[in-house]
Protein chains: 2
Amino acid sequence: MTSNKELQEKRMRGYFIEAASEILKGEGLKAVNVRSVSERAGYSYATLYNYFKDLNELVFICVSGFLNECEAMAAEQSAKHQPGKDRIKSSMKSLAGYFVQYPGIFELCFIERINNPVANQSSAKLIYELVDRITQEDFEHLIRNNIISSQTAKTTTLILKNSMAGLLLHYLNRLQPNDYKTFIANLDEQLTAILA
Amino acid sequence: MTSNKELQEKRMRGYFIEAASEILKGEGLKAVNVRSVSERAGYSYATLYNYFKDLNELVFICVSGFLNECEAMAAEQSAKHQPGKDRIKSSMKSLAGYFVQYPGIFELCFIERINNPVANQSSAKLIYELVDRITQEDFEHLIRNNIISSQTAKTTTLILKNSMAGLLLHYLNRLQPNDYKTFIANLDEQLTAILA
DNA sequence: TTATAAAATTAACAATGTTAATAAAAATAA
DNA sequence: TTATTTTTATTAACATTGTTAATTTTATAA
């Protein structure tokens, strides 16, 4: 049972979270600051501190919403394929597409320093295991049908998640390679080889 | 031929570069600011602006020095091995060791935003191709002896560089996995699979 | 309706990057 | 050598951003 007070407080937090999420998606992390978020939420900058320990806490609360959205997008793409390696490939391309569309979210999830010790462990784990969650069903299918061993699945997931993070880091943060076409070609080349 | 003026100017830049490099190695990127660097260099904070466009330019000038040091460390390790896959593995472990020892340098090379358009392209490329340079000799050897094809070498380098960046990003930035032992085990597992 | 509690706002401060104005030092010309 | 000019370095100042303190406004209870 939630009291009136709790409901109101939850709503207030929601206004700030929504404002921060919108700015993150539209203008990226560098545009997020106490004053811009509070203004968009319709309150003064100091009001934010009545509902969040600091700006960092607020920003990291946005993470799980974004991860859900990214997973949903990958799942939607998955629905078009049969379980298996092709579907993993397609899911990873969808994941890459999400972060290319919202570079600010990539920055937040993989790059921005976390000062908040609470959000720290839980959200870091949530991010780290994103690829695991998206590909879990397919890997289980591959193991069940004796296409790959359980050990191979574990190793492949590790390489998959690290190489996706690295690929996106280089491209979004350093523009390496410096054209989109090559980036897409590299993505495909990498996925094909890892899942061979 | 360098004039007196050029020599003196080069020296001055050197003092600031050295100061910034020391802070980067010791306390990391967060401890680098105009005032701390200038103080260590023995000058006032505004003097820095007589020799560098801004703090960003100075900080990114440090990059190539660090990359050289990292390559040298990998080369030293390499000298103990015969050319081939084992040597690539050993070089990559040495590279990982360097960045684990100096997380501030990893942050600078892979994470920190570049605002300087000049340093941008050149230093981004230098960073992106670090793994290529370190492994070049070995891949040439493998191709020459028909152990792998030239195409496989290209793809393997791509996966190697991305998965190393991702592995380090997750570990240094998010403490995933959250113990050193597992990190080292993952590093080995990943390298073994990629170079299989 | 008035006293009290809660919430929101404005004012203020600290840290940092950067520029402008001033001072000091060095170089040059008489 | 001394005066002038140029170069270099420093201090002062300002803008931005995160955060806290003091104050005002709003809601609640007697």
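Letters A, B, ... mirror the listed sequences (proteins, then strands); counts begin at 1.
- Residue-level contact check: Phe52(B) touches neither bases nor backbone, having no heavy atom under 4.0 Å from any strand.
- Looking at Thr182(A) and Asp179(A), their side chains do bring a donor and an acceptor atom within 3.5 Å of each other.
- Rounding to whole angstrom units, OH of residue Tyr15(A) and C1' of dA7(C) are separated by 15 Å.
- Arg133(B) pairs by the side chain to side chain donor-acceptor pair (under 3.5 Å) definition with Glu71(B), not counting sequence neighbours.
- If you check dT20(D), dT18(C), dT10(D) against the side chain of Tyr49(A), the one that comes closest is dT20(D).
- In this structure, Glu57(B) places its CD atom 14 Å from C1' of dT18(C), rounding to the nearest Å.
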Under-3.5 Å N/O pairs linking protein and nucleotides 11-13 of chain D:
unit_1	atom_1	unit_2	atom_2	d
dA12(D)	N7	Tyr45(B)	OH	3.0
dA12(D)	N6	Tyr45(B)	OH	3.3

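- Between the C1' atom of dT16(C) and the CG atom of Leu29(B) lies a distance of 14 Å, rounded to the nearest Å.
- The separation between Lys53(B) atom NZ and dG17(C) atom P is 14 Å, rounded to whole Å.
- For the pair Met12(A) CE and dA6(C) P, the computed distance is 16 Å after rounding to whole Å.
- Tyr45(B) pairs by the ring pair (Phe, Tyr, Trp, His ring centres under 6.0 Å) definition with nothing, not counting sequence neighbours.
- Rounded to an integer number of Å, the gap from Leu7(A) CG to dA7(C) P is 13 Å.
- Shown here are the side chain to side chain donor-acceptor pair (under 3.5 Å) partners of Glu27(A), two or more places apart in sequence or in another chain: there are none.
- Sequence neighbours left out, the pairs with a member in residues 72-102 of chain B that pass ring pair (Phe, Tyr, Trp, His ring centres under 6.0 Å) are Tyr98(B)-Tyr102(B), Phe99(B)-Phe106(B), Phe99(B)-Phe110(B).
- Between the CG atom of Asn50(A) and the C1' atom of dT23(D) there is a distance of 14 Å, given to the nearest Å.
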Practice task
Apply side chain to side chain donor-acceptor pair (under 3.5 Å) to Thr47(B) and Ser44(B), showing your working.
Solution key: CA-CA 5 Å; Thr47(B) 305; Ser44(B) 161; 4.5 Å; no
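- Contacts of Asn33(A) with the nucleic acid, taken as non-hydrogen atoms under 4.0 Å apart, involve only primed sugar atoms and P, OP1 or OP2.
- Protein atom CZ of Phe16(A) is 13 Å distant from nucleotide atom P of dA7(C), rounded to whole Å.
- Judged as a ring pair (Phe, Tyr, Trp, His ring centres under 6.0 Å), the pairs with a partner in residues 120-140 of chain B (not counting sequence neighbours) are, in order, His170(A)-Tyr128(B).
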